[in-house]
Amino acid sequence: FDLMPEEFLAIVGPSGCGKSTTLRMIAGLEEITSGELWIDGQLCNYVEAKDRDLSMVFQNYALYPNMTVYENMAFSLKIRKQPKDEVDKKVHEAAKMLGIEHLLDRRPAALSGGQKQRLCIARALLKKPKILILDDSTSAVDTKTDKLIREAFHNEIPDTTKIIIAQRIASVQESDMILVMEEGRITASGTHEELLRTCDEYRSIYESQTKNQAQPEELQ
């Protein structure tokens, strides 16, 4: 598939179909055994992950346990030698945007799962990478926070290409493109509206979640 710069791509499909493996190959964390990965005109199959100008947020939190929330968020900015007052401003803005400003002095062990996930996403947003990858990283947050994160995608990092796996259809229906995967292959692609018309599997997932709006089922 082709993804244009600044587009928002979502990948859905049953557990074990290859969604996470696909994202890990793009990120440089899995070997690409066949095919080619091109980023901004460069063949990247053998480019080290650190040289791909992307950030990836995992289902597991990958936080520094000995650092506070503030220090976890500020770390990447400090190693880039950004001015202290600018780092402080950016950290507080990102924390406020995701509702964790009151947690800046805490360490990760004192946070809930949803709070840790918001911290990971805020930290990734601060890097403003060329590509942002989220591997099912909004599953631990409530729908209100999920909406805040999607708004942050549009408002805070409009120049970044976003690729996500998400359990909630509400999290992906605003995407520029949605890929439906099964057994390691793309079986359908299009916008939310297009897939509702043309893809039985996608429509079935959507309908199962919208039967009970108060307690939507999760997309596996």
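We use all heavy atoms of the structure for the numbers below, so side chains are in, but hydrogens, waters and symmetry mates are not. Residue numbers start at 1 and run along the sequence shown.
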- Query: Between T160 (side chain) and K128 (backbone), is there a donor-acceptor pair under 3.5 Å?
  - Reply: no
- Do the charged groups of K90 and E86 touch, with an N to O distance under 4.0 Å? yes
Kindly check if the number of other-residue, nucleotide or ligand heavy atoms within 6.0 Å of [atom1] ([X]) is above 12?
X	atom1	answer
R80	CZ	yes
E183	CD	no
D105	CG	no

Nearest heavy-atom pair of [X] and [Y]: which atoms, and what distance?
X	Y	value
L196	Y206	CD2-CD2, 3.5 Å
L29	A49	CD2-CB, 4.4 Å
L179	S189	CD2-CB, 3.6 Å
T191	D176	CG2-O, 3.7 Å
I169	Q209	N-OE1, 3.0 Å

- Task: Output, in order, the C-alpha distance, side-chain angles, deciding distance and verdict of side chain to side chain contact (heavy atoms under 4.5 Å, CB included) for K19 and L23.
- Result: CA-CA 7 Å; K19 302 185 301 294; L23 296 193; 6.0 Å; no
- Please determine which of T161, I164, V172, L3 meets the side chain to side chain contact (heavy atoms under 4.5 Å, CB included) test together with L9. L3
- Task: Just do the side chain to side chain contact (heavy atoms under 4.5 Å, CB included) check on L104 and M73 with the steps written out, would you?
- Result: CA-CA 9 Å; L104 290 174; M73 292 178 65; 4.1 Å; yes
- Test log, rule side chain to side chain contact (heavy atoms under 4.5 Å, CB included), inputs R52 and K130: CA-CA 8 Å; R52 296 189 185 188; K130 183 183 297 182; over 6 Å; no
